[in-house]
There are 2 protein chains.
Amino acid sequence: MYSLSEENYLKAIYHLEQQATAEVSTNAIAERMQTKASSVTDMIKKLADKDLLTYKKYKGVSLTDSGTRTALRIIRKHRLWEVFLVEKLQFKWHQVHDLAEQLEHIQSQELVNRLDDFLGNPQYDPHGDPIPDSEGNIKRRDKKLLGQLEANQSATCIGVKSASDDFLKYLSKNNIGIGSKLNVQEAEPFTGALTVKVGETTLFLTKEIANNIYVTLIKS
Amino acid sequence: MYSLSEENYLKAIYHLEQQATAEVSTNAIAERMQTKASSVTDMIKKLADKDLLTYKKYKGVSLTDSGTRTALRIIRKHRLWEVFLVEKLQFKWHQVHDLAEQLEHIQSQELVNRLDDFLGNPQYDPHGDPIPDSEGNIKRRDKKLLGQLEANQSATCIGVKSASDDFLKYLSKNNIGIGSKLNVQEAEPFTGALTVKVGETTLFLTKEIANNIYVTLIKS
DNA sequence: ATATATTTTTAGACTTGTCTAAATTATAGC
DNA sequence: GCTATAATTTAGACAAGTCTAAAAATATAT
């Protein structure tokens, strides 16, 4: 359907659109794709011709419905393959991204849907990001860094920001994993450190650690 | 490591080498790759530069050790993915080839080896072809068409040549599948039809059917 | 043994996706 | 509102992989 490059651009632009408020700029795309702005200009012209995005010279781009649908199909594949790699092949969270970048380009609706079933129709990937369904519907949830919480707030761990081996070991040693419920007891305003209750034990987390853990708030 | 095209050429040349006795010709490669002879010439020059094959103008090519090893790595991936698709995702034999053509190009030794373990280190793919191990060792076995057997020979079904839906249905209706033991009772010389015993039942198979079933002889 | 047919290679062109360098447009400071 | 700077686009080039058409080498037939 679309070339490898086209798919990568669509995905990058989709992610940038999620963060940004306005149109996505040429430079932003270039930086994310590790390429030159002139290459981006060439490519977005092609994508505009195919009605995957709207583009006004010097004014940035935004995906059309068709472009968004296509991006979500790729993201669905990426995240399902990540689940497969972690759940079935015992890879660690942080090892799967580059592999999924390759696997996401395999062309076959049938394959993705069977994979989805084989994995038990997971809702979230190993990083805690939601997996779009085959219609392109995606559950958005408020993803925050643990470090952004205040005292007395509760949250569920849904992933980590950057996952070094050491950091993952640290987490498992302290019984923190995806799905763990975390209660913030105290938030030290000056250092940004947190006192957090995990199950029955109370932990002291530095700002660096707290800002490397993604959570979603539990309403109280 | 190598480009998608390079990998496909290596695989095609490997398969042609298995059949042919002498060097593989430019035209043979072109036909198998569904491309033009001039394109083949261009590519084999590149592969020769990379020491993946030896090439003398107008004299055809043959893979070097390095080329063979590389081809076997790709074939290993292809066949393991086929097993995955059939065993885990419930695809039928004949649906998996095109998908495996895509999946075989995923780059990661780690992934292949984990997939191998996940699948229980299978020896053969769903078409009955042997799967090279991670060192590139491949068990060769005598693959014949059922139609080539003579009266009183016994063989194990290891695959089919071309698998239409109808044909696969025909087989399963008659309890023939991979691993089925087949005894040739009679071989009609003129029409090429066979009388075959499968378990307790005796079947009459036309030449067309018999020449679409791969078997390996059982020594008696 | 030589003419003819076939195979293979070369030459030159095209597409995709990238780049550098130069030109153009937008933006921010004053 | 003008000017300096930053962002973006254009122009032209390049590499990979393919193609067509023509030339060269090899194989075949009588």
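Keep in mind it's a predicted model, so treat the numbers as computed, not measured. Letters go in sequence order (proteins before strands), and every chain restarts at 1.
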Self-check item: Nearest-Å distance for atom pair CE/P, residues Met43(A) and dT16(C)
Solution: 10 Å
Quiz item: Only one of Arg141(B), Lys139(B), Lys143(B) forms a salt bridge (charged side-chain N to carboxylate O under 4.0 Å, His left out) with Asp129(B), so which one is it?
Solution: Lys143(B)
Self-check item: Length of the CG-P vector between Asp49(A) and dT16(C), whole Å
Solution: 11 Å
Quiz item: Whole-Å distance between dT18(D) P and Gln34(B) CD?
Solution: 13 Å
Exercise. Report the relative orientation of the aromatic rings in Phe118(B) and Phe84(B); use parallel for angles under 30°, tilted for 30 to 60°, perpendicular for over 60°.
Key: tilted
Practice problem: Kindly give the heavy-atom pair with the smallest separation between Asn121(B) and Asp117(B), and that separation in Å. | Solution: ND2-OD1, 3.0 Å
Quiz item: In terms of side-chain heavy atoms of Asn27(B), which of dT8(C), dT9(D), dT18(C) is nearest?
Solution: dT8(C)
Exercise. Ignoring backbone atoms, test whether Ser25(B) places a side-chain nitrogen or oxygen under 4.0 Å from the OP1 or OP2 oxygen of dT7(C).
Key: no
Quiz prompt | Sugar-phosphate or base contact per nucleotide [nucleotides 22-28 of chain D; S, B, -; heavy atom under 4.0 Å] | solution = --BSS--
Self-check item: Whole-Å gap separating P (dA15(D)) and OH (Tyr2(B))
Solution: 21 Å
Quiz item: Whole Å only: how far is the CD atom of Glu7(B) from the P atom of dA16(D)?
Solution: 16 Å
Quiz item: Side chain of Lys36(B): nearest nucleotide among dT9(D), dC19(C), dT20(D)?
Solution: dT20(D)
Practice problem: With heavy atoms under 4.0 Å as the rule, sort Ser39(A) into base, sugar-phosphate or nothing. | Solution: base
Practice problem: Determine: side-chain N/O of Tyr9(B) to OP1/OP2 of dT18(D), distance under 4.0 Å, yes or no. | Solution: yes
Self-check item: Residue mapping more 5' on DNA chain C - nearest nucleotide basis, Thr35(A) or Lys56(B)
Solution: Lys56(B)
Practice problem: Consider the side chain of Thr41(B), meaning its heavy atoms from C-beta on, and name the nucleotide among dT9(C), dT18(C), dT9(D) that approaches it most closely. | Solution: dT9(C)
Self-check item: Salt-bridge criterion met for Arg76(B) and Asp116(B) (N-O under 4.0 Å)
Solution: yes
Quiz item: Over how many whole Å does the gap from Asp42(A) atom CG to dC14(D) atom P extend?
Solution: 16 Å
Exercise. Of all the heavy-atom pairs spanning Cys157(A) and Val215(A), show the shortest one and how long it is.
Key: CA-CG1, 4.1 Å
Practice problem: Please state how far atom CD in Glu6(B) lies from atom C1' in dT18(D), giving the value in whole angstrom units. | Solution: 14 Å
Practice problem: Determine whether any donor atom in the side chain of Ser38(A) lies under 3.5 Å from an acceptor atom in the base of dT20(C), or the reverse, and answer yes or no. | Solution: yes
Side-chain donor-acceptor pairs under 3.5 Å in residues 13-41 of chain A, sequence neighbours left out?
residue: Glu17(A); atom: OE2; partner: Leu63(A); partner atom: N; Å: 2.7
residue: Ser25(A); atom: OG; partner: Ala28(A); partner atom: N; Å: 3.1
residue: Thr41(A); atom: OG1; partner: Ala37(A); partner atom: O; Å: 3.1

Exercise. Check whether any side-chain heavy atom of Val96(B) lies under 4.5 Å from a side-chain heavy atom of His127(B), and answer yes or no.
Key: yes
Quiz item: What's the NZ-P distance between Lys45(A) and dT8(D), to the nearest Å?
Solution: 14 Å
